[in-house]
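What follows is a short report on a single structure.
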Number of protein chains: 2
Amino acid sequence: MKKTIFETLKNLNFTEYEAKAYLSLLEESPLTGYAVAKNSGVPRSKIYEVLDSLAIRGDILVSPGNTPQYSPVPAKELIKNRRMEAEQNFELAEKSLAEFEQSANDRENIWNIMGRIEILQKVKDCIASSKTRILLEVWEEEYEELESELRQAVNRGVNVTIIAYGEIVSDFANLYLHYMGHEITEEYGGRWIVISADDSEVVAGIVSLGKDSRAAWTRHVGLVMPITEVMIHDLYLMEIMKKHRKPLEESFGENLVNLRRKFSIHPDFKKHYVK
Amino acid sequence: MKKTIFETLKNLNFTEYEAKAYLSLLEESPLTGYAVAKNSGVPRSKIYEVLDSLAIRGDILVSPGNTPQYSPVPAKELIKNRRMEAEQNFELAEKSLAEFEQSANDRENIWNIMGRIEILQKVKDCIASSKTRILLEVWEEEYEELESELRQAVNRGVNVTIIAYGEIVSDFANLYLHYMGHEITEEYGGRWIVISADDSEVVAGIVSLGKDSRAAWTRHVGLVMPITEVMIHDLYLMEIMKKHRKPLEESFGENLVNLRRKFSIHPDFKKHYVK
DNA sequence: TTTAAGTAGTTACCTTGGTAGTCACTATTA
DNA sequence: TAATAGTGACTACCAAGGTAACTACTTAAA
């Protein structure tokens, strides 16, 4: 609980000492420098430079006198101010980086994306810039984070087809579900994501390894084509299954899950990716 | 020009090396690590850790291979991502600091505010939280920055009276102008600002010294009352002047500006405040 | 009235980690 | 061979964190 507060304050460019001092002032104020040091755990020998830097930034107020008193700017105001500063900086950044409007249309390279958040961000960008068709193979967990982007794409007139693992519901996309219990989910060795946008751009990779998740993004025809085709074949298969499940199950033994299991990736493959 | 770009990137938590590497990738991509080092001026021996940290943050993309290629995430996307992160952090901060809703209603202390921006921010907060009446003595330069807050206050039903130095126009407030040429402005030794909100809160100080500007904020009755009264007296005087200018000018010589000049603060007073 | 304890503030020094900067070394490729 | 590509081992610097020892003043109890 308290850890999150400190983390949050550090993200608002507080140092540890500054965070401690500010929080103890929020709890009780006004206080003398000595008292802030005592309550916050910041060494007395440091408290005045810490309070000074807070005062100069406008995060606390100083009441001068023989023993000055310190008081915090209310958290709400502080956040409001920080937000405005940040917004200004973003606008400045947009202006000064505007000249670098690049096409970056290389059909030769394969780009590596590290980290689950980054991967999902790239997938979102893909969806957002798509014009005609999206094929998406995705797990329930990731689908939830992509739903609003997908809905927007559909509203733009993009044809969205989703092959999903898990129990998802969608009123806007063509949906194909790979039903399965949770036990089976574990066996897969991890969740992956594959997206093909406008048959010209692909992101594919593992997303269940947190920071160690890896994906590739490419416009390389030699990859876009086969990956897109694989998904299309999967769709064929599912259409066939829908209509002819019984005869197929009979010919492959008691169920098709075992067949799937036979060809699946060995769970140990993870070890190659996780440091 | 280029300095601002580096400054801006540093504010988006780039290090100097990271900024150089990213900018050179924006100018030309994809590049090998070696080429990035060459174009950007980052030492070759550092370029890979720099590019790694950029890649892990998702600011650039890596195309693996015998000699990996690097490509930047377009500036627009980068800023969009940063903005989302920042917004999330602000919302988190608001939640975790919500418990510290303090009244901070001390009528005993006088709080020192350092820096022009911080002072104006405090004045804005005062205006925003006012309920009944605002008396504001202000220069044209500062008035412009406060106008929208003042307008909102009036729309809330707050009675706003402004004593202004300079040529300002306002269709919503009671406005009293101290007309004067620019030569006279210089003589004052600096611009000040005084605001009294709801007769219970006062901010007063100098705002023309940039970072060295100083102001006091207080709810101390011993200060709020006299300061508010001084402004009211100023208003009286201006009303009187409006109607009886001629006889007064006759009794004090050719004009009243000279009288004002006689009693004004000596310009050297600045030296006490500027380091 | 001296003593001890608490309050208030300052000076000096030390450690650590991250960033920056340099040199020297090995491969590989054209 | 020269340019390209990559690595390891240093040094320097600074901000942040951390500790110790000092002065000076006030208050309350022995």
Rounded to the nearest angstrom, tell me the gap between atom CD1 in Ile47(B) and atom P in dG6(D).
11 Å
Mind telling me whether Tyr22(B) and Phe14(B) have parallel, tilted or perpendicular rings, with 30° and 60° as the class edges?
tilted
Please state how far atom CD in Glu49(B) lies from atom C1' in dA9(D), giving the value in whole angstrom units.
12 Å
Could you tell me how far apart Gln69(A) (CD) and dG9(C) (P) are, to the nearest whole angstrom?
9 Å
Does Leu92(A) CG have over 12 foreign heavy atoms under 6.0 Å away?
yes
Return the nearest nucleotide to the side chain of Pro68(A); candidates are dG18(D), dG21(C), dG9(C).
dG9(C)
I need a per-nucleotide contact map over nucleotides 22-30 of chain C, read 5' to 3'. Cutoff is protein heavy atoms under 4.0 Å; write B for the base, S for backbone only, - otherwise.
BB-------
Check the phosphate of dA5(D) against Thr32(B), side-chain N and O only, distance under 4.0 Å to OP1 or OP2. Yes or no?
yes
Is a side-chain donor or acceptor of Arg82(B) paired with a backbone partner of Leu12(B) at a separation under 3.5 angstrom?
yes
Round to the nearest Å and state the distance from Lys20(B) atom NZ to dT19(C) atom P.
15 Å
Using atom CZ of Phe6(B) as one end and atom C1' of dA20(C) as the other, report the distance to the nearest whole Å.
14 Å
Which residue, Tyr70(B) or Thr15(A), contacts DNA chain D at a nucleotide closer to its 5' end, judged by nearest heavy atom?
Tyr70(B)
In whole Å, what is the span from the OH atom of Tyr34(A) to the P atom of dT27(D)?
15 Å
Ring geometry between Trp139(A) and Trp192(A) (parallel below 30°, tilted from 30 to 60°, perpendicular above 60°)
perpendicular
Between Arg83(A) and Glu87(A), does any NZ, NE, NH1 or NH2 come within less than 4.0 Å of an OD or OE carboxylate oxygen?
no
Between atom CG in Asn39(B) and atom C1' in dA5(D), what is the gap in whole Å?
15 Å
Using a cut-off of less than 4.0 Å, is there contact between a side-chain N or O of Tyr48(A) and OP1 or OP2 of dG9(C)?
yes
Going by atom types only, do Glu27(B) and Asn39(B) share a side-chain donor-acceptor pair under 3.5 Å?
no
Any sub-3.5 Å donor-acceptor pair from Thr8(B)'s side-chain atoms to Ala93(A)'s backbone N or O?
no
What is the separation between atom CG on Leu31(B) and atom P on dT4(D), rounded to the nearest whole Å?
12 Å
